[in-house]
**Student:** 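Here's a structure for you.
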2 protein chains.
Amino acid sequence: MMTFWQLTNAAGVYRIIYANDCTISERSNEQGNKMTVTIFDVAKEANVSASTVSRVLNNKSTISENTVRRVYEAAERLGYEPNILAQSFRKQETRTILILTPNMTNPYYSNILSGISDTTRSLFYSSFICKTDWNREEMSNILGMMKKRHAEGAILLACEMGEEDWLLRYAKDNPIILCSEFNPDTSIPHISIDNYKATVEAIKYLISLGHTKIGTISSVNNYLSTQLRLKGYKDALAAAGIEFHPEYIEYASKDYSYRSGCASARKLLSLEDRPTALFCISDVLAIGAINTAAEMGIKVPEDLSVIGFDDVEQTAMFSPKLTTVAQPCYELGKKSAELLITALNQSEDVPLETVLPYQLILRESTGSPVIIKEESI
Amino acid sequence: MMTFWQLTNAAGVYRIIYANDCTISERSNEQGNKMTVTIFDVAKEANVSASTVSRVLNNKSTISENTVRRVYEAAERLGYEPNILAQSFRKQETRTILILTPNMTNPYYSNILSGISDTTRSLFYSSFICKTDWNREEMSNILGMMKKRHAEGAILLACEMGEEDWLLRYAKDNPIILCSEFNPDTSIPHISIDNYKATVEAIKYLISLGHTKIGTISSVNNYLSTQLRLKGYKDALAAAGIEFHPEYIEYASKDYSYRSGCASARKLLSLEDRPTALFCISDVLAIGAINTAAEMGIKVPEDLSVIGFDDVEQTAMFSPKLTTVAQPCYELGKKSAELLITALNQSEDVPLETVLPYQLILRESTGSPVIIKEESI
DNA sequence: CTGAAAGCGCTTACAG
DNA sequence: CTGAAAGCGCTTACAG
């Protein structure tokens, strides 16, 4: 049994995939070598020209029903499989995209990668995942593969602000999508959640619980999300008329390491008038804060509320369960891939900005502050 | 400035990579379209034939020094970049390998993937990571890409026992490497640590600490490693003359889920004469055991010693720090890729079995059992 | 040490 | 609706 798969998109059918899942008749020459069945063999068998076979298999132009049938039958009889290498060469297209990620093991990235990978495959594209370690030279090398025709487009995860200028050099020749992080002034299409709004909602929630002494663990990195979350934190406090305390802000390492989360938390919790709630810009940082609090004898959520960010599944192993802002990682990846492939297939422009929904998930690490009776003189 | 990179392996130079990192002279025709610089253009510029240019750029046969220089200079002057699509087509090679993984987000896998990915890239191969969800049909589809000339070989992570027969159908046409898991009777090259020895060492360590009531959290899956670890557990006990208690074995879910680790631990720790030590065949299971013990008021390591397996970095966030058998995940990936590419490049056979060193890492989750005075009549 | 020529397997104007 | 022909850019026997 032979099956033909058709993939359609807005622009119409653009590729026929030809799958052969049973025994195929393999022809051999006298030496017993396998001979490749080409489009010419099929043409001869079907009594048509190679051009016609090509057209039938690619759904190009209208062809008489009779011919179509004959070609399909001949192809099946011969066990023809199109030579992808020849097709790529002829069309000068690789159907390959580049994925640049700082690393592959961080669950936030790996979930995005998973979404990208599944999506590209379902659209018959290959994705080539490359680890950059935030190294700009490495990124340049990788993107240079597009010029060398190894790939046709790229998705960049975790692009720091300020990477804009040199990136444009590549973006003008090949479509590029920025996933999660981007420069607000960029002309390169990007996709993310609304980090500002998400943070405001998280802080408002803490305020609604009765907290007024709210600290944050931010990061020294140069991501837009970090900036936006810091601004959301400040704005939400201001909107509620809560005085801003600069000492309530600590900055963790650029990669949100657990260690640095612990260190930041320790500083904040050692403050004379320590916060009763902590907004952390990543789950790992939040876990660090919770563990540090425990070490210091501060109970979560009784003495301290903690909110994380991302909702990576690995936090399910912790108790108390983390209240956090969930990012749709898999969907961020999926959508990035779809946008890129759209850009690749039609000259039609892709939207500059795509915003996916976040969700504030309330679990066990937050609660109302214990009201300590103020002693008056 | 133009640079040529040479990659050498045991078989000698096998590819020249040609990198151009500065402004290149781009020629245009009257319409201003970019014209591709081909090997013929370089040939004309250097006053040699295209064959010679090809030979120079591929280091084939001996060529007069003078010619070599002229060709390089011409190539540089013209900003020539070899057309990879044409090369692939001509040689009918994709330089692409398939990686089949149950999922991409589990840190054990993602670390292996990272090793594979870095290595293939450094050897100028592409790796195409595909998620299988343990679905055999999906695996077949993916491996089918080799026949369709999309890829030349494959690395399979987490191949369950019994997958052998249908796999051979693919392994006879294209090299395949099994990483971490395999069938002991397989004829397909594989790489792993010595799971049996590692387990024996771990159990011996527990015994040396004074434990005699040692339980294990195994899994219902069908991996060789699971079998070997169970056998190692039993054998080590037997070797020490410790009686085997069937009720000291529990089986977690096939994917080592945290939840199932908790459930298994609860059963073991609810036993009348409960174990004082638990050997868990994955770190996540071990974390589940530790957390469950805590919930039950059982202290680790005072009342219960716990050993994990894998040493994925994510466990660094837990206290007490986990004693565990470390697997060299990144190296397993790296070595798998090297083996596969070796198999691809030389007909020379690759070793059937490659064993990488493990390491028992002693941290805080293990200790001597508290000796409870036996009450005599 | 080097060149002329064939050919990898397909797609696509062009012509009818 | 269909065919003959050219050509994508390279590599590699073959011949000298």
Side-chain angles (χ1 to χ4, degrees), chain A residues 13-18 27 33-71 74-75 78-95 147-150, chain B residues 13-18 27 33-71 74-75 78-95 147-150:
Chain A
V13 177
Y14 64 79
R15 170 156 276 208
I16 293 200
I17 298 296
Y18 182 115
R27 307 181 317 154
N33 298 329
K34 270 177 225 157
M35 283 180 62
T36 326
V37 179
T38 74
I39 210 167
F40 280 88
D41 299 317
V42 177
K44 199 185 294 168
E45 179 84 8
N47 253 305
V48 294
S49 73
S51 335
T52 300
V53 175
S54 173
R55 287 192 197 101
V56 169
L57 265 28
N58 291 287
N59 253 17
K60 289 279 176 66
S61 75
T62 41
I63 305 199
S64 83
E65 213 174 296
N66 180 36
T67 308
V68 170
R69 190 181 40 71
R70 288 220 313 287
V71 169
L78 264 33
Y80 170 74
E81 306 242 14
N83 185 315
I84 291 171
L85 259 16
Q87 286 177 328
S88 298
F89 167 56
R90 185 51 241 251
K91 303 200 223 155
Q92 289 294 308
E93 66 170 30
T94 56
R95 290 189 86 80
K147 179 186 287 196
K148 294 190 173 64
R149 277 160 292 215
H150 245 124
Chain B
V13 175
Y14 65 80
R15 170 156 277 206
I16 293 202
I17 297 295
Y18 181 116
R27 305 182 319 155
N33 298 329
K34 268 177 225 155
M35 285 181 62
T36 326
V37 179
T38 74
I39 210 168
F40 280 89
D41 300 317
V42 178
K44 198 184 295 171
E45 180 83 9
N47 252 308
V48 294
S49 73
S51 335
T52 300
V53 175
S54 174
R55 287 192 197 99
V56 169
L57 264 28
N58 291 286
N59 254 18
K60 289 278 176 65
S61 76
T62 41
I63 306 200
S64 83
E65 211 174 300
N66 179 34
T67 308
V68 170
R69 190 180 41 71
R70 286 220 315 286
V71 168
L78 264 32
Y80 170 73
E81 306 242 12
N83 185 316
I84 291 171
L85 259 15
Q87 286 177 329
S88 298
F89 168 58
R90 182 54 240 253
K91 302 201 221 152
Q92 288 293 307
E93 67 170 30
T94 56
R95 291 190 86 80
K147 179 185 287 197
K148 296 192 171 62
R149 278 158 292 214
H150 245 125

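The sequence lines fix the lettering, A, B, ..., with proteins before strands; numbering per chain opens at 1.
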**Student:** Any side-chain N or O of K60(B) under 4.0 Å from OP1/OP2 of dT12(D)?
**Tutor:**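 True: K60(B) side-chain N/O within range (under 4.0 Å) of dT12(D) OP1/OP2.
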
**Student:** Does T38(A) put a side-chain nitrogen or oxygen below 4.0 Å from OP1 or OP2 of dG9(C)?
**Tutor:**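 For dG9(C), OP1/OP2 do not have a side-chain N/O of T38(A) under 4.0 Å.
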
**Student:** Nearest whole Å is fine: how far is dT11(D) P from L85(B) CG?
**Tutor:**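 One finds 13 Å between P of dT11(D) and CG of L85(B), rounded.
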
**Student:** If only side-chain N and O atoms of S49(B) are considered, is one of them under 4.0 Å from the OP1 or OP2 phosphate oxygen of dT2(C)?
**Tutor:**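 So the side-chain polar atoms of S49(B) never come under 4.0 Å of the phosphate oxygens OP1 or OP2 of dT2(C).
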
**Student:** State, with a plain yes or no, whether a side-chain heavy atom of I84(A) is found less than 4.5 Å away from one of Q87(A).
**Tutor:**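 Side chain of I84(A) against side chain of Q87(A), heavy atoms only: contact under 4.5 Å found.
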
**Student:** Would you say S64(B) reaches dT2(C)'s phosphate, i.e. side-chain N/O to OP1/OP2 under 4.0 Å?
**Tutor:**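 Answer is yes, contact under 4.0 Å.
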
**Student:** Taking only N and O in the side chain of K91(B), is any of them less than 4.0 Å away from OP1 or OP2 of dC8(C)?
**Tutor:**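 No.
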
**Student:** At what distance, to the nearest 0.5 angstrom, does CD1 of I39(A) lie from CG of L78(A)?
**Tutor:**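 Between atom CD1 of I39(A) and atom CG of L78(A) there are 12.0 Å.
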
**Student:** What's the NZ-P distance between K148(A) and dC10(D), to the nearest Å?
**Tutor:**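 Spelled out: NZ on K148(A) to P on dC10(D) is 14 Å.
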
**Student:** Which base sits across from dG16(D) as a Watson-Crick or G-U pair, both distances under 3.5 Å?
**Tutor:**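 Because both required distances fall under 3.5 Å, dG16(D) counts as paired with dC1(C).
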
**Student:** Between atom CG in L57(B) and atom P in dT12(D), what is the gap in whole Å?
**Tutor:**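 It works out to 13 Å between those atoms.
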
**Student:** Given dC10(C), dT2(C), dC10(D), which nucleotide is nearest the side-chain atoms of I39(A)?
**Tutor:**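 Output: dC10(C).
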
**Student:** Quick check on DNA chain C: between R149(B) and V68(B), whose nearest nucleotide comes earlier from the 5' end?
**Tutor:**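 Going by which nucleotide is closer to the 5' end, it is V68(B).
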
**Student:** Can you find a side chain N or O atom of T36(B) that sits less than 4.0 Å from OP1 or OP2 on dG9(D)?
**Tutor:**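 Yes, within the criterion.
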
**Student:** May I have the distance from Q92(A) (atom CD) to dG7(D) (atom P), rounded to whole angstrom?
**Tutor:**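 Rounded to whole Å, this separation is 16 Å.
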
**Student:** The side chain of V48(B) is closest to which nucleotide in this list: dC10(D), dG3(C), dC10(C)?
**Tutor:**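 When the side chain of V48(B) is considered, dG3(C) is the closest of dC10(D), dG3(C), dC10(C).
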
**Student:** State which of dA5(C), dC10(D), dG9(C) makes the closest approach to the side chain of N83(A).
**Tutor:**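 Closest of the options to the side chain of N83(A): dG9(C).
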
**Student:** According to side-chain hydrogen bond (donor to acceptor under 3.5 Å, both in side chains), who are the partners of T52(A), at least two apart in sequence or on a separate chain?
**Tutor:**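 S49(A).
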
**Student:** S51(A) has a side chain; which of dA4(D), dC10(C), dT2(D) sits nearest to it?
**Tutor:**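 Selected nucleotide: dA4(D).
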
**Student:** Determine the minimum heavy-atom distance between R149(A) and E81(B), stating which atoms define it.
**Tutor:**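 Taking R149(A) first and E81(B) second, the nearest heavy atoms are NH2-O, 3.3 Å.
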
**Student:** May I ask you to verify if any side-chain N or O of Q87(B) is less than 4.0 angstrom from the OP1 or OP2 atom of dG9(D)?
**Tutor:**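 No.
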
**Student:** What's the closest nucleotide to the side chain of R55(A) if the choices are dT2(C), dG9(D), dG3(D)?
**Tutor:**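 Per side-chain heavy atoms of R55(A), the pick is dG3(D).
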
**Student:** If only side-chain N and O atoms of N58(A) are considered, is one of them under 4.0 Å from the OP1 or OP2 phosphate oxygen of dT11(C)?
**Tutor:**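 Affirmative; the distance criterion is met.
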
**Student:** Rounded to the nearest angstrom, tell me the gap between atom CG in D41(B) and atom C1' in dC10(D).
**Tutor:**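 Distance check: D41(B) CG to dC10(D) C1' gives 13 Å.
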
**Student:** Would a 4.5 Å heavy-atom cut-off, applied to side chains only, mark T38(A) and N83(A) as touching?
**Tutor:**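 T38(A) vs N83(A): side chains apart.
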
**Student:** Between C1' on dT12(D) and CD on E93(B), what's the gap in Å once rounded to a whole number?
**Tutor:**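 Those two atoms, CD and C1', are 14 Å apart.
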
**Student:** Would you say dG3(C) has OP1 or OP2 under 4.0 Å from some side-chain N or O of T52(B)?
**Tutor:**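 Checking dG3(C) against T52(B), a side-chain N or O does come within under 4.0 Å of OP1 or OP2.
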
**Student:** Any donor and acceptor pair, going by atom type alone, linking the side chain of S54(A) with main-chain N or O of A50(A) inside 3.5 Å?
**Tutor:**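 No: the side chain of S54(A) does not pair with the backbone of A50(A).
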
**Student:** For the pair made of CZ in F40(B) and C1' in dT11(D), what is the distance, rounded to whole Å?
**Tutor:**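 Those two atoms, CZ and C1', are 10 Å apart.
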
**Student:** Separation of I84(B) atom CD1 from dC10(D) atom P, in whole Å?
**Tutor:**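 For the pair I84(B) CD1 and dC10(D) P, the rounded distance is 11 Å.
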
**Student:** Starting the side chain at C-beta, find the nucleotide from dC10(D), dC10(C), dT2(D) nearest to T67(A).
**Tutor:**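 Among the listed nucleotides, the one closest to the side chain of T67(A) is dT2(D).
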
